[in-house]
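Because the structure is predicted, anything quoted here is derived from the model rather than measured.
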Amino acid sequence: MKIFRNFIAGSWSEPSSGEHFENVNPADTTDVIGRFPLSNAADVDKAVASAKRGFEVWRNTPAPARGDTLRRVGDLMASRKDEIADLMTREMGKPLQETRGDVQEGIDTAYYAATEGRRLFGHTVPSELRAKWAMSFRRPIGVCGLVTPFNFPMAIPTWKMFPALLCGNAVIFKPAEDVPHTGTVLVEILLEAGLPPEVIQLLHGRGEVVGAAIVEHPEIPVISFTGSTETGRVVGEVCGRMHKRLSLEMGGKNAQIVLDDADLDLALDGVLWGAFGTAGQRCTATSRLILQRGIHDNFLGMLVDKARGLRLGDGRKKGTDVGPLIHESSRQKVEAYVDIGQAAGADLLCGGRRPEERALANGFFFEPTIFARVEPGSRLEQEEIFGPVLSVIRVSTPDEAFAVNNDVKYGLSSSVYTRDVNVAYRALVELDNGITYINAPTIGAEAHLPFGGVKQTGNGHREGGWEVYEFYSETKVGYIDFSGSLQRAQIDNYAGSPT
Ligand code: NAD
């Protein structure tokens with residue numbers, strides 16, 4: 001069996017524990033991908049010492065040249081797209097068309113970062129005083145610790161890593177333990193593209209051990225975390241205590257709203273993709289469907305018919321619509337929510353169980369599941385399940401739909417299907433989410449726009465687009481006084497004072 005390594009201090013190495021964990025294919029647990037290092041705090045210490053050396057080299061590399069390295073990274077990813085998608089599907093399960101999209105997001109993020117190397121704008125503004133210039137510019141911060149989840153094994157690490165690198169930082173990367181192969185390939189590509197080796201460190205292992213050691217390390221001043229709200233809370237507490245710069249991207253409970261005037265066929269395609277794509281394991285997955293009374297029964301009938309026709313299977317096989325869940329524990333969590341929904345009196349219209357086909361017996365499959373008559377405020381309606389479970393809620397008016405959308409602790413994405421332009425614009429303004437789609441599903445973020453959520457989904461930062469470059473750099477202000485005399489700003493020399 002293949003043994004994989006960490007990448008620390010410029011070389012591929014064994015963990016100091018000497019121990020490893022197995023990574024298996026969730027569609028067929030007899031297929032073992034390899035053994036990966038169980039790293040610990042001692043490995044983090046070594047990685048930090050090396051990353052600090054890497055930082056000194058990289059911060060002094062001009063930003064356009066850093067961008068050129070990332071352009072080569074994008075080229076390499078593009079040339080290996082299908083091969084990488086295949087290994088990603090093997091280790092996390094979603095169908096190939098989705099893992100190809102995941103790699104494409106990484107490629108787009110690389111090319112965006114490459115061009116940002118020639119921007120990284122600061123401001124030059126007029127000074128209050130004569131013969132003086134005032135400007136701001138961006139400086140790298142240091143060593144950034146990146147901790148990422150399993151569901152977008154390529155896109156999410158690149159959203160963090162490429163901007164962090166472009167800004168001139170060094171990176172310590174801890175991929176989720178379910179997708180270590182993808183993380184390894186990403187680091188191989190960075191090195192092949194010419195990134196100085198000590199600028200990137202890869203540490204595999206358990207979140208509570210090596211993830212926590214990264215978060216707690218005093219010489220890692222920047223932490224970017226994507227994962228569950230529960231883990232994010234722990235990370236946030238540590239970073240708050242240690243005064244670290246922290247970006248948190250966490251859970252969601254996203255709703256698609258379909259109003260009486262909507263194009264129902266379009267809305268149907270949207271909810272099938274939003275709810276059951278990636279087996280519902282997306283932070284932006286549609287886990288609630290809010291239907292207006294006039295179309296409720298008809299739309300629900302159309303939806304259940306289609307959902308029953310979705311084909312479960314190995315994501316690497318042609319014709320598969322929905323892959324497995326990532327773990328047995330995830331499947332058990334989904335089953336627990338099916339029980340919770342039934343106990344609360346919701347109507348189970350389809351799914352709600354493991355498939356019976358023998359061909360699927362070795363994987364963590366679960367049938368696409370739809371509950372109707374779900375009460376706003378119930379656990380099924382409020383809590384993130386992270387599986388193929390859709391809760392349908394009936395409302396009478398757009399106002400009621402908006403109120404139901406907003407009445408959860410999360411705030412990542414939302415979607416409204418309507419032909420009424422006024423309602424569409426009201427939705428943009430009134431829905432409490434970081435992203436609202438009109439006539440498109442709750443998923444579908446583009447690499448060049450800011451991505452993130454409000455309330456307990458995030459802590460105010462965004463990934464993607466231009467905003468993320470602010471997170472990975474510090475604003476520095478410079479004043480240049482060429483008057484040849486002491487000018488005291490804000491004291492007695494203000495040129496705008498009446499004489
Ligand atoms: P998770 O919280 O279990 O793990 C995420 C990462 O944190 C993993 O690398 C894990 O090893 C690490 N980790 C675990 N405990 C840790 C600790 N104590 N200290 C430091 N690191 C630790 O999440 P997951 O199951 O991999 O992903 C699913 C969750 O991620 C869902 O809640 C989903 O909504 C969320 N998610 C959010 C976004 C977003 O952008 N908002 C995107 C994708 C996924």
Aromatic ring proximity, centroids under 6.0 angstrom, F4 and H204: no

Distance only, no hydrogens: is a donor on one side chain within 3.5 Å (strictly under) of an acceptor on the other, for Q456 and T229? no

Does the Lys NZ or Arg CZ of R206 fall within the cation-pi geometry relative to F21 - under 6.0 Å from the ring centre and within 45° of the axis? yes

Does either side chain, that of N6 or that of S13, offer a donor lying less than 3.5 Å from an acceptor on the other one? no

Can you tell me if D108 and H448 form a side-chain donor-acceptor pair at under 3.5 Å? no

Just checking, K132 and F482: is the charged tip under 6.0 Å from the six-membered ring centre and within 45° of the axis? no

I223 and I214 have their tightest heavy-atom pair at CD1-O, 3.8 Å

Between T284 and T442, a side-chain donor and acceptor under 3.5 Å: no

Does a donor on one side chain sit under 3.5 Å from an acceptor on the other, for S50 and Q201? yes

Which atoms form the tightest heavy-atom contact between E91 and P26, and what is the distance? O-CD, 3.4 Å

Heavy-atom closest pair (A440 atom, S415 atom, distance to 0.1 Å) is O-OG, 2.9 Å

So, the side chain of Q256 versus the backbone of A267: is there a donor-acceptor pair under 3.5 Å, distance only? yes

For residues W159 and F451, establish whether the separation of their ring centroids is below 6.0 Å. yes

Regarding R282 and E98, does a basic nitrogen lie under 4.0 Å from an acidic carboxylate oxygen? yes

Could you tell me whether the side chains of E14 and H20 share a donor-acceptor contact shorter than 3.5 Å? yes

Modelled atom types, side-chain donor and acceptor of S247 and E463, under 3.5 Å: no

Work out which heavy atom in W466 is nearest to a heavy atom in L449; give both atom names and the distance. CZ3-CA, 4.4 Å

Would S483 and R130 count as a side-chain hydrogen bond (donor to acceptor under 3.5 Å, both in side chains) here? Give the steps. CA-CA 7 Å; S483 68; R130 296 185 181 88; over 6 Å; no

Main-chain N/O of V234 paired with E237 side-chain donor or acceptor, under 3.5 Å: no

Would you mind telling me which of D43, V147, V44, I172 makes a side-chain contact (heavy atoms from CB on, under 4.5 Å) with V210? V44

Could you tell me whether the side chain of T99 and the main chain of A85 form a donor-acceptor pair under 3.5 Å? yes

Looking only at side-chain N and O atoms, does Q104 offer a donor or acceptor that is under 3.5 Å from a partner on K81? yes

Search all heavy atoms of S473 against all heavy atoms of C167 and return the closest pair with its distance. CB-SG, 4.1 Å

Would you say the side chain of D314 lies within less than 4.5 Å of the side chain of D28, judging by non-hydrogen atoms? no

Does K174 use its side chain to pair, donor to acceptor, with the backbone of G205 at less than 3.5 Å? yes

Expected output: side-chain R71 to main-chain A110 donor-acceptor under 3.5 Å: no

Given the rule in the side-chain hydrogen bond (donor to acceptor under 3.5 Å, both in side chains) test, do D178 and H327 qualify, once you have shown the distances and angles that lead to the verdict? CA-CA 9 Å; D178 302 304; H327 273 310; 2.7 Å; yes

E56 and R53: CA distance, side-chain angles, deciding distance, salt bridge (Lys or Arg N to Asp or Glu O under 4.0 Å) verdict: CA-CA 5 Å; E56 288 310 316; R53 294 190 292 270; over 6 Å; no

Checking side-chain polar atoms at under 3.5 Å, does T115 have a donor or acceptor matched by the opposite partner on R119? yes

For F150 and F386, take the angle between the two ring planes, folded into 0 to 90°, and tell me which bin it lands in: parallel under 30, tilted 30 to 60, perpendicular over 60. perpendicular

Hey, mind stepping through L87 and I33 against side-chain contact (heavy atoms from CB on, under 4.5 Å) and telling me if it holds? CA-CA 9 Å; L87 71 86; I33 291 151; over 6 Å; no

Please tell me whether N433 and N405 have a donor and an acceptor in their side chains that are separated by less than 3.5 angstrom. yes

Lys NZ or Arg CZ of K160 over F173 ring: under 6.0 Å, within 45°: no

Check the side chains of D75 and Y111 for a donor-acceptor pair under 3.5 angstrom, ignoring hydrogens and angles. yes

